[in-house]
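In listed order, ligands and their atoms are each counted from 1.
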Amino acid sequence: MNNMKIIKEYVLEQKNLIKKTVEKYQINKKLVIIQSVSDGATNAYVKGKCKDCDEVGIAHEVIRLDESAHDIDYLVNLIKKLNIDETVGGIIVQLPLFDGWDVERVQNAIDPRLDIDGFHKLTKFLPATPRGMIDYLNDNDFSFTGKNAVVIGRSEIVGRPMAKILLDLNMNVTITHSKTTNSDLRHYLENADLVVIAIGKANFLDKTYKFKENAVILDVGISRIDGHLVGDCENDVQCYFKSPVPGGVGLLTRLGLLKNFIDAQME
Ligand code: NAD
């Protein structure tokens, strides 16, 4: 047993607060989601974001692109029009884009004040996944200062920003990646108070890894095995708390997006 809030319950509680904020400040601008690729996983992510908006009373619109009719210039022009549309309060360009489209060019076309994904080079928003995780840890009174964090994975959207935030919160941060030796990884993990893993390798951390009794593991990874969602770490490793997959960091990420949207309206 541990004292960490059950993520599903925490998210519900936070959504209720967001709903009250939307009502109180009469937030009526809409979130626009632009979708390129239309596979099962991407459709599910977009559907989830729309459902979240519905639950808290945020208006939303999904614009779907057609690869045979549209090119990247069309998308950049569309974003420029949305940037100056008074009814728009936030823009998400759902990844992945169509093959060969320059993601950075598209992300940097969004007005940074509307970039609630936090991907623009001048953004003031934290990317949604790190924001969701940090808010959750804060809500649980996690003590950061002087403690050891191991971040596994160095992607631009999770590993790197998370490591920087934890460093800013006075943690001793180790980033490990595909070139880290397994014996070093095991050594770092044995001393970690917080582990964030985001590599996309199903059950990479298993029961042969040893963790501190007080270790908190946030499992970002999502893989699909036989139709089931699986994290980067087995759900039943010995530690203080391990975020489940499903029902863990994915929910925190969606919450992070809603919070960024609300913050964007409070300028
Ligand atoms: P990515 O796929 O861009 O990069 C993977 C990273 O893992 C790289 O930095 C690579 O160096 C590292 N890596 C690969 N093998 C490794 C190994 N053996 N040991 C240590 N590091 C290794 O990463 P991403 O976009 O951060 O996504 C990672 C996973 O997290 C994916 O499963 C993705 O679907 C998931 N994800 C989930 C959420 C969520 O809301 N739950 C959000 C973003 C990403």
Side chains of Asn140 and Asn3: donor-acceptor distance under 3.5 Å anywhere? no
Could you check whether His120 and Asp111, counting side-chain N and O atoms only, form a donor-acceptor pair closer than 3.5 Å? no
Considering all heavy atoms of both residues, which atom of Ile116 and which atom of Gly90 are nearest to each other, and what is their separation? CG2-CA, 4.4 Å
With a 4.0 Å heavy-atom cut-off, what residues sit around ligand 1? Thr129, Ile152, Gly153, Arg154, Ser155, Ile157, Val158, His177, Ser178, Ala198, Ile199, Gly200, Lys201, Phe204, Val220, Gly221, Ile222, Val249, Gly250, Thr253
State, yes or no, whether a side-chain contact exists between Ile134 and Leu166 at a heavy-atom distance under 4.5 Å. yes
If we only count heavy atoms from C-beta on, is the Met4 to Tyr10 side-chain gap below 4.5 Å? no
Parallel under 30°, tilted from 30 to 60°, perpendicular over 60°: which one fits the rings of Phe144 and Phe142? perpendicular
